[in-house]
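Just so we're on the same page: letters track the sequence lines, and every chain starts at 1. Every value quoted in this text rests on a predicted model; they were computed, and no experiment measured them.
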Number of protein chains: 2
Amino acid sequence: MASLQEISQRANVSVATASRVLNGSSHPVSSQTRAKVLSAAEALGYTPSVLAQLVRKGQRSRIIGVIVGDVSDPYFGAVARGVEEAVADDGYLTMIASGRRTTAAELDHLRSLRDHQAAGVIFASSGYENDPLTEQAQELVDSLMASGSIVLALAPRDISCSGRIAFDDRGAAFDATRYLIGLGHKEIAFVGGPGGFHTSTHRRDGFEAAVRSAGLTPNKRLTGGFEYEAGYRAAQHIALSPERPEAILAVNDDVAIGLVVGFRDTGLRVPADISVCGIHDTRPASYVGLTTVAAPLSEMGHAAGLAILNGETSGTTVLPHHLVERTTTAPSSARAAR
Amino acid sequence: MASLQEISQRANVSVATASRVLNGSSHPVSSQTRAKVLSAAEALGYTPSVLAQLVRKGQRSRIIGVIVGDVSDPYFGAVARGVEEAVADDGYLTMIASGRRTTAAELDHLRSLRDHQAAGVIFASSGYENDPLTEQAQELVDSLMASGSIVLALAPRDISCSGRIAFDDRGAAFDATRYLIGLGHKEIAFVGGPGGFHTSTHRRDGFEAAVRSAGLTPNKRLTGGFEYEAGYRAAQHIALSPERPEAILAVNDDVAIGLVVGFRDTGLRVPADISVCGIHDTRPASYVGLTTVAAPLSEMGHAAGLAILNGETSGTTVLPHHLVERTTTAPSSARAAR
DNA sequence: GCTACAAAGGAAAACGATTGCCGTCCGAGA
DNA sequence: TCTCGGACGGCAATCGTTTTCCTTTGTAGC
């Protein structure tokens, strides 16, 4: 509340001197005056106006924005936690802004982050094809980068930014599918997210490639949302379908869990009757013992945080994933031996 | 990037006029000059410096900070989503800051929120007893409120702020316990969070009151963390204990789910051998069919968002909870009839 | 006793805005 | 013709800082 102005009056010095004492400067100040200023500041409870400092110095603030698709999705929680761990010790502040899966909301957040001169922006959510707002987003990203902010994408996006840190969506789906094939399953389906999202598409591509490479024909792939409910609903359909697959790869854990619970609610046994595999390995996966591909979520966040701290301004990093086998998948023979 | 200065030069008007045109003012400007300014702004790609505006006008920014304990806890996700829905249409931005369950980190976030003149701050996480940093937190909250920010607590906190919006921790635990008693259980235990947290304590109090009011003696209550793992570990102990309870109330859903999975992993049947009830009704609760008390999480967030929008500066609101019966609880007779 | 230089402090111009106050111009009313 | 008032625009102060130039003073070196 108290300004340098008031401090300087109370201490009988100029504003310049007060500034020099209170906010580090190389300009020398005698220890007497320094003491006077310090005690005045103490008495008045001085707090520098960070806003004014930013205006004057034109620097970046110590805010790092993480743009996520859904605040209650544990995927984003993991990423955000990684960012936080990387930057908290350096006094940077991670703020999570939810795009609620709409680009319009993301634009609002980008604008606000630009307005407040954020040190960095991290896109944790995937973009989607033919997004009419891409151009606007790119403009905002450009202006952010032009003014010194670092913009990183952790998921596929039609935006050129300072750098990318991700895992291999296609490869993860490919590996998971190979694993299911290795279990002896022949009829394998992919349950994807909402159409058009890049992650969905890449993962579906990986799935198809694996199925084809094994000489099988890719089974029907149903689409839905990214949430539990979408998986649950899909399970209802699949359970009733005449040509029910033996195994399913879901686009992510939430959908996979929805499938598992949905199947069980309709009387199917998982994995005896049908195997289910997810992608991400978020916390709830272990709640239901889901077999899934562990994605380096917090590692990605961590790397992104460090990149912003170090001002790294280019490059692409791909972090490794690995399969975590739990209890929702079983060899095909288990079914035959029933 | 372009400043009013540059705009005014290009349009051959004074900075004052440019300001009046570009950022609404009641002062009249002829349509000719207006057009000149507008086209200059367009050509130069003018964006007002929100920071400078804030410095000059001393107003609050359009940022609302939500301080949570753990970004991957779905409890906080629900609250944040509620806030978001309430304020997004008015152009306010919800930013989630993780206190990582330490007051020191919370203080950092509070400072940053104050520095950026946030419109409001919402405490979604509980405080704990004898927190040595309470005083500092109170000072920060006071300075925030003094400068016009609204500070709301959604969980018990030893801080006096603009208002409180919550549900009845004690009552929720009381009702859940009465429900378990109503099922015929006599040996009921409470598995609490880390010692000292107000929510833990209030819920334990509600539990004890219910048990006592039924003429039973409160069973041992084990403490742990707020997470799944704490519940899982507790389940290991309880399963091996000679005087195993018939029913358990957990401090929240995550712990309850940990208990359920933990029990099943040790061969106990839930609910046949032991009933488990949670508090919150977060998403994962439905994944495992957990019986739990539904807390008005997003409603609290929503109400808090509206309160900040409307500048409501006082009052306490308590929102209702209700029990959601699923499949982790069963009557005691089910056990006897085994 | 002179110069030279470092230390110490202040005045004032920025940064990018907003706004109170004043001057000019014009048309309307007397 | 004179006056009055409103429309319109600019000057300059202001917000809370930082930073570039001074100016003054003290001291060391010759």
Side-chain angles (χ1 to χ4, degrees), chain A residues 1-41 44-62 111-112 114-117 143 146-148, chain B residues 1-41 44-62 111-112 114-117 143 146-148:
Chain A
M1 300 275 332
S3 65
L4 275 189
Q5 174 91 270
E6 308 175 45
I7 305 293
S8 67
Q9 284 171 0
R10 187 178 229 266
N12 265 322
V13 297
S14 73
V15 209
T17 308
S19 166
R20 296 198 256 252
V21 171
L22 293 172
N23 311 308
S25 155
S26 59
H27 199 91
V29 174
S30 79
S31 49
Q32 294 178 32
T33 5
R34 181 175 298 276
K36 278 198 301 184
V37 173
L38 251 25
S39 84
L44 265 47
Y46 172 72
T47 318
S49 161
V50 172
L51 258 34
Q53 291 178 324
L54 288 177
V55 166
R56 178 58 232 244
K57 311 213 269 190
Q59 289 176 347
R60 307 292 87 202
S61 74
R62 301 178 88 76
R111 267 186 280 269
S112 183
R114 176 205 53 193
D115 288 348
H116 285 85
Q117 298 179 191
S143 78
S147 58
Chain B
M1 299 275 330
S3 66
L4 273 191
Q5 175 89 270
E6 309 174 43
I7 305 293
S8 67
Q9 284 172 0
R10 188 178 226 268
N12 265 322
V13 296
S14 73
V15 206
T17 307
S19 166
R20 294 199 257 252
V21 171
L22 292 172
N23 311 306
S25 157
S26 58
H27 198 90
V29 175
S30 79
S31 49
Q32 295 178 29
T33 2
R34 181 175 299 275
K36 279 196 301 184
V37 172
L38 251 24
S39 84
L44 266 46
Y46 173 72
T47 317
S49 161
V50 173
L51 258 33
Q53 291 178 324
L54 289 177
V55 167
R56 177 59 231 250
K57 311 214 270 190
Q59 288 177 347
R60 306 292 88 202
S61 75
R62 301 179 88 77
R111 266 187 281 270
S112 183
R114 175 204 54 191
D115 288 347
H116 285 85
Q117 296 178 193
S143 79
S147 58

Take A:Arg114 and A:Arg111, measure what side-chain contact (heavy atoms from CB on, under 4.5 Å) needs, and give me the verdict at the end.
CA-CA 5 Å; A:Arg114 176 205 53 193; A:Arg111 267 186 280 269; 3.7 Å; yes

Rounded to the nearest angstrom, tell me the gap between atom CD in B:Gln59 and atom P in C:dA17.
15 Å

Over all atoms of both residues, closest heavy-atom pair of B:Leu22 and B:Ala41
CD2-CB, 3.7 Å

Rounded to whole angstrom units, what separation is found between the NE2 atom of A:His116 and the P atom of C:dA17?
14 Å

Please check if the side chain of A:Ser61 supplies one atom and the backbone of A:His116 the other of a donor-acceptor pair under 3.5 Å.
yes

What one should report as the nearest heavy-atom pair of B:Ser19 and B:Leu4 is CB-CD1, 3.5 Å

What verdict does the side-chain contact (heavy atoms from CB on, under 4.5 Å) test give for A:Arg10 and A:Ile7, after you've listed the backbone C-alpha separation in whole Å, the side-chain angles of each residue and the deciding distance to 0.1 Å?
CA-CA 5 Å; A:Arg10 187 178 229 266; A:Ile7 305 293; 6.0 Å; no

To the nearest 0.5 Å, tell me how far A:Gln117 CD sits from A:Leu51 CG.
9.0 Å

B:Asn23 side, atom CG; B:Lys57 side, atom NZ - distance, nearest 0.5 Å:
7.5 Å

Does a side-chain N or O from A:Ser14 land closer than 4.0 Å to OP1 or OP2 of C:dG10, or not?
yes

Helical bend (five base pairs per end, nearest 10°) for the helix from C:dG1-D:dC30 to C:dA30-D:dT1
60°

Sub-4.0 Å heavy-atom contacts from residues 28-35 of chain B onto DNA chain D, ordered by number:
B:Pro28, B:Val29, B:Ser30, B:Thr33

Separation of atom CD in A:Gln9 from atom C1' in C:dG9, rounded to whole Å
17 Å

What distance do A:Leu44 atom CG and A:Ser3 atom OG have between them, rounded to the nearest 0.5 Å?
8.5 Å

Are any side-chain N or O atoms of B:Ser147 and backbone N or O atoms of B:Ser143, one a donor and one an acceptor, separated by less than 3.5 Å?
yes

Between N or O atoms, less than 3.5 Å apart, protein on one side and nucleotides 18-22 of chain C on the other: list the pairs.
residue : atom : partner : partner atom : Å
C:dT18  : OP1  : B:Asn23 : ND2          : 3.3
C:dT18  : OP1  : B:Gln53 : NE2          : 3.0
C:dT18  : OP2  : B:Ser19 : OG           : 2.5
C:dT18  : OP2  : B:Asn23 : ND2          : 2.9
C:dT18  : O2   : B:Arg56 : NH1          : 2.1

Within this structure, what is the CG-to-C1' distance between A:Leu51 and D:dT14, rounded to whole angstrom?
16 Å

Rounded to whole Å, CG of B:Asp115 lies from P of D:dT17 at a distance of 11 Å

note: B:Leu44, atom CG; C:dG16, atom C1'; distance rounded to Å ~ 15 Å

Just do the side-chain contact (heavy atoms from CB on, under 4.5 Å) check on B:Val50 and B:Arg62 with the steps written out, would you?
CA-CA 10 Å; B:Val50 173; B:Arg62 301 179 88 77; over 6 Å; no

Rounded to whole Å, CG of A:Asn12 lies from C1' of C:dA8 at a distance of 16 Å

Rounding to a whole Å, what distance do you find between A:Glu6:CD and D:dG16:P?
7 Å

Between A:Ala2 and A:Glu6, what is the shortest heavy-atom contact and its length?
CA-OE2, 3.8 Å

